[in-house]
Number of protein chains: 2
Amino acid sequence: MKISSRFSVAVHILSLLAIAKDAHCTSEWIAQSVNTHPVVIRRILGMLKKAGFVKIPKGSGGAYLIKDLDDITLLDVYRAVDAVPGGELFQFHEHPNPACPVGGNIEAVLQLILLRAQAAMEQILADVTMEQLVENLNEKIGS
Amino acid sequence: MKISSRFSVAVHILSLLAIAKDAHCTSEWIAQSVNTHPVVIRRILGMLKKAGFVKIPKGSGGAYLIKDLDDITLLDVYRAVDAVPGGELFQFHEHPNPACPVGGNIEAVLQLILLRAQAAMEQILADVTMEQLVENLNEKIGS
DNA sequence: CTTGTTGTAACCATTATAGTTACATTTTTG
DNA sequence: CAAAAATGTAACTATAATGGTTACAACAAG
């Protein structure tokens, strides 16, 4: 299975908040850019709020950034929206037969490698900040 | 979402076939080691057959390897069982609003990075052969 | 012919996702 | 104060993928 689109939507939202700094960014307004339902946006915004990236006035609405984009890596966003439930990318078949030499040991041996693979993927995300991404985005928009 | 356990089961199966070289490895027998239903095994074995890793006599049964384990990387297995449907690890939210500067450009900018993250993960899998894994497994079993 | 096995189709339960409706709560403003 | 505009959240739906299961036709070998 694929990694939830919550992640790409969250990046979209944060980029919007950064670029439309002065707009009144309601869930309704954001939803139009993402092209989805406002409640979907509110759910994800809620996670970004819990992570301390944004603030959302309750009655008046309009989310805004409260953390420097340089201090938010893509991995932080990935984690904030729980892009992979539980954090482990690879699903194991649980309870192989412990009486079998292979069944009893394969999990430990394979796990070593899969965690390394996961770490390699996450490292790429950790190496890119939202600041850099928004910079790229601005270049692309400008051209 | 997580990557299908088909992958770890497939690795388990290939390891079994390698280590129990002389056994009559029926889906029933393999299923006992994996601790699942024989049909699940047959489904995955079918994919490994299609990939050219194993052969399966039809009436008499008992799968066996027909490819050198040194020539099968974990990535090959990963691909053989379609561990991530379609091959793209990250799910995008489709059809962002093209009229919005952010909505119209975020996908291209983000995609660059996510494909790099996916490639980094797959590279780790590509760097480990089933031969190496079975070696590790044998050490672990021996100790 | 009988037995054991594969290959497949069909169905089910479970889980996660994304979208949607509904509504209580809160803030602002007239 | 009352109306308007938001949020936060619960509940429900539809869809998809997964893993397990049953059933059965096809096939090989003793």
Side-chain angles (χ1 to χ4, degrees), chain A residues 1-10 12-13 17 23-32 34-51 54-64 78 81-97, chain B residues 1-10 12-13 17 23-32 34-51 54-64 78 81-97:
Chain A
M1 289 282 291
K2 289 152 183 267
I3 290 171
S4 169
S5 70
R6 276 196 304 274
F7 176 41
S8 64
V9 172
H12 187 148
I13 293 175
L17 297 187
H24 188 220
C25 302
T26 66
S27 60
E28 174 82 33
W29 185 80
I30 298 172
Q32 286 194 345
V34 175
N35 188 29
T36 183
H37 197 282
V39 171
V40 173
I41 299 297
R42 276 181 238 155
R43 276 205 282 252
I44 296 174
L45 263 179
M47 303 190 209
L48 298 177
K49 182 170 89 173
K50 198 173 287 180
V54 304
K55 202 151 210 176
I56 312 171
K58 202 140 191 210
S60 55
Y64 56 92
Y78 175 90
V81 298
D82 200 25
V84 165
E88 292 226 336
L89 184 56
F90 291 89
Q91 175 99 41
F92 269 83
H93 182 274
E94 52 300 324
H95 314 310
N97 187 344
Chain B
M1 290 282 290
K2 289 153 184 266
I3 290 171
S4 168
S5 71
R6 276 196 303 274
F7 176 41
S8 65
V9 172
H12 187 148
I13 293 175
L17 298 187
H24 188 220
C25 302
T26 66
S27 61
E28 174 80 35
W29 185 79
I30 298 172
Q32 285 194 345
V34 175
N35 189 27
T36 183
H37 198 282
V39 171
V40 173
I41 300 296
R42 277 181 238 155
R43 275 207 281 253
I44 297 174
L45 262 180
M47 302 190 210
L48 298 178
K49 181 169 89 175
K50 199 174 286 179
V54 304
K55 202 148 211 177
I56 313 171
K58 205 148 189 202
S60 55
Y64 56 94
Y78 176 89
V81 299
D82 199 26
V84 166
E88 292 225 334
L89 185 56
F90 291 90
Q91 175 100 40
F92 270 83
H93 182 274
E94 52 299 325
H95 314 311
N97 187 344

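Computation of the quantities below employed the complete heavy-atom set of this structure, encompassing side-chain atoms and omitting hydrogens, waters and symmetry-equivalent molecules. Sequence lines set the chain letters: A, B, ... in the order given, protein chains first and strands last, and positions in each chain run from 1.
- Nucleotide C/dG7 holds its C1' atom 15 Å from the CD1 atom of B/I30, rounded to whole Å.
- Between B/L89 and B/I3 there is a side-chain heavy-atom pair separated by less than 4.5 Å.
- Listed by residue number, A/V39, A/R42, A/R43, A/K49 are the residues of residues 39-50 of chain A with a heavy-atom contact under 4.0 Å to DNA chain D.
- Remark: A/T26 engages A/H24, A/E28, A/W29 in a side chain to side chain contact (heavy atoms under 4.5 Å, CB included) (not counting sequence neighbours).
- Closest to the A/S4 side chain, of the nucleotides D/dG20, C/dT17, D/dT7, is C/dT17.
- To the nearest angstrom, C1' of D/dT9 lies 13 Å from CD1 of A/I56.
- Remark: P of D/dG20 and NE2 of A/H95 are 11 Å apart, rounded to the nearest angstrom.
- With sequence neighbours left out, the side chain to side chain contact (heavy atoms under 4.5 Å, CB included) criterion links B/S27 to B/P38, B/I41, B/R42.
- In this structure, the CH2 atom of A/W29 is 19 Å from the P atom of D/dA5, given to the nearest Å.
- With rounding to the nearest 0.5 angstrom, the CZ atom of B/R6 is 12.5 Å from the NE2 atom of A/H93.
- Side-chain N/O atoms of B/H93 include one lying less than 4.0 angstrom from OP1 or OP2 on C/dG19.
- Contact between B/F7 and B/A83 at its shortest, heavy atoms only, is CB-CB, 4.1 Å.
- A heavy-atom distance below 4.5 Å is found between the side chains of A/L45 and A/I30.
- Residue B/T26 places no side-chain N or O under 4.0 Å from the OP1 or OP2 atom of C/dT6.
- Applying the side chain to side chain contact (heavy atoms under 4.5 Å, CB included) rule to B/K55 yields the partners B/Y64, B/I66; only residues at least two apart in sequence or on another chain are considered.
- Considering only residues two or more places apart in sequence or on other chains, A/A10 meets the side chain to side chain contact (heavy atoms under 4.5 Å, CB included) condition with A/I44, A/L48, A/V77, A/V81.
- When distances run from any side-chain atom of A/R6 to the nucleotides C/dT6, D/dG20, C/dT17, the shortest one goes to C/dT17.
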Pull out every protein N or O sitting under 3.5 Å from an N or O of nucleotides 25-30 of chain C, one pair per line with the distance.
none

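- B/F7 places its CZ atom 18 Å from the C1' atom of D/dA17, with the value rounded to the nearest Å.
- D/dT7 atom P lies 9 Å from atom CD of A/E28, rounded to whole Å.
- The separation between B/K2 atom NZ and D/dA16 atom C1' is 18 Å, rounded to whole Å.
- Minimum heavy-atom separation, B/G62 to B/P57: O-CD, 3.2 Å.
- Distance B/H37 NE2 to C/dA13 P: 16 Å, rounded to the nearest Å.
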